[in-house]
Amino acid sequence: MQYQIKENCLTIFLPAEVDHHNAEEIKREADKVIEEQHIKYVIFDFGRTDFMDSSGIGVIMGRYRHIFLLGGEVWAIHTSERMRQILNMSGVTKIIQIYEEGMM
């Protein structure tokens with residue numbers, strides 16, 4: 001998992017494919033960083049991502065639940081049209097904010 005930390009914000013740079021092959025590793029590493037670094041905000045960067053299955057949705061939902069309990073927020077950035085459709089159809093956009101170019 002590639003990530004960056006600035007203060008209490010974790011940005012996770014998602015791979016080209018977020019599926020059952022790598023979802024568990026992303027979850028495990030993200031949770032470890034969130035706990036150790038006292039993270040309150042998580043940004044999922046979809047800049048390189050062109051495929052995501054239900055395991056990827058689970059990664060986002062699980063991190064949202066974790067961060068929500070800490071009083072934080074979760075965002076998605078650099079989402080392609082396809083990724084926005086997946087996030088909309090799964091209901092993820094009801095709980096996380098998607099930022100378009102120029103909004104941040």
Side-chain angles (χ1 to χ4, degrees):
M1 179 180 89
Q2 292 185 336
Y3 64 91
Q4 175 182 353
I5 300 170
K6 286 188 180 175
E7 296 180 18
N8 61 351
C9 181
L10 168 65
T11 300
I12 300 171
F13 300 96
L14 295 172
E17 295 185 3
V18 182
D19 56 21
H20 67 281
H21 294 294
N22 56 18
E24 192 59 42
E25 177 187 352
I26 294 169
K27 284 192 270 189
R28 188 174 48 253
E29 288 190 44
D31 287 347
K32 181 180 175 192
V33 172
I34 289 167
E35 289 299 318
E36 290 177 355
Q37 302 293 324
H38 308 289
I39 299 296
K40 197 167 180 180
Y41 303 98
V42 174
I43 299 171
F44 288 99
D45 189 323
F46 284 85
R48 297 179 301 198
T49 309
D50 47 47
F51 176 81
M52 182 169 61
D53 68 8
S54 60
S55 301
I57 299 298
V59 168
I60 295 168
M61 299 292 278
R63 281 358 80 215
Y64 168 79
R65 281 192 291 275
H66 194 142
I67 292 297
F68 179 77
L69 292 173
L70 298 172
E73 296 179 29
V74 176
W75 301 301
I77 61 172
H78 302 133
T79 55
S80 66
E81 182 62 34
R82 180 176 176 167
M83 287 300 107
R84 283 193 297 278
Q85 287 176 337
I86 291 170
L87 294 171
N88 278 325
M89 288 181 356
S90 67
V92 170
T93 55
K94 293 178 182 171
I95 60 169
I96 73 168
Q97 192 72 32
I98 296 179
Y99 283 94
E100 305 292 336
E101 291 297 320
M103 289 181 68
M104 288 187 77

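Quick note: residue numbers are just sequence positions, from 1.
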Handout entry: Ile57 and Ile86, any side-chain heavy atoms less than 4.5 Å apart
Key = yes
Practice task
Taking Thr11 for its side chain and Tyr3 for its backbone only, find out whether a donor-acceptor pair lies under 3.5 Å.
Solution key: no
Practice task
Tell me whether Leu70 is reachable from Val33 by hopping between hydrophobic residues (I, L, V, M, F, W, Y) whose side-chain heavy atoms are closer than 4.5 Å.
Solution key: yes
Exercise for the section: List for me each residue that meets salt bridge (Lys or Arg N to Asp or Glu O under 4.0 Å) alongside Asp31, sequence neighbours excluded, and say none if there are none. Expected result: Arg63
Practice task
Show the numbers, then the answer: is there a side-chain contact (heavy atoms from CB on, under 4.5 Å) between Asp50 and Arg82?
Solution key: CA-CA 7 Å; Asp50 47 47; Arg82 180 176 176 167; 5.5 Å; no
Handout entry: Closest non-hydrogen atom pair, Phe51 against Thr49
Key = O-CG2, 3.5 Å
Exercise for the section: State the NZ-CD1 distance between Lys32 and Ile39, to the nearest 0.5 angstrom. Expected result: 13.5 Å
Practice task
Report yes if the side chains of His66 and Val42 come closer than 4.5 Å at any heavy-atom pair, otherwise no.
Solution key: no
Practice task
Would you give the length of the straight line joining atom CD1 of Ile77 to atom CD1 of Ile12, rounded to the nearest 0.5 angstrom?
Solution key: 11.0 Å
Handout entry: With Phe68 via ring pair (Phe, Tyr, Trp, His ring centres under 6.0 Å) - residues at least two apart
Key = Tyr64
Practice task
Verify the cluster assignment for Ile95 and Val59: are they in a single hydrophobic cluster under the rule of side-chain heavy atoms below 4.5 Å apart?
Solution key: yes
Problem - ring-ring contact (aromatic ring centres under 6.0 Å, His included) pairs, two or more places apart, involving residues 17-46 - result: Tyr41-Trp75
Problem - Under the salt bridge (Lys or Arg N to Asp or Glu O under 4.0 Å) test, residues paired with Arg84 that sit two or more places apart - result: Glu81, Glu100
Problem - Flag side-chain contact, heavy atom, 4.5 Å: Ile60 against Leu87 - result: yes
Handout entry: Candidate pair Ile98 and Val92, rule side-chain contact (heavy atoms from CB on, under 4.5 Å), full reasoning
Key = CA-CA 10 Å; Ile98 296 179; Val92 170; over 6 Å; no
Exercise for the section: Go through the structure and list residues passing side-chain hydrogen bond (donor to acceptor under 3.5 Å, both in side chains) with Gln4, not counting sequence neighbours. Expected result: none
Exercise for the section: Any pair with a residue in residues 1-28 that passes salt bridge (charged side-chain N to carboxylate O under 4.0 Å, His left out), sequence neighbours left out, goes on the list, sorted by first then second residue, please. Expected result: Glu24-Lys27
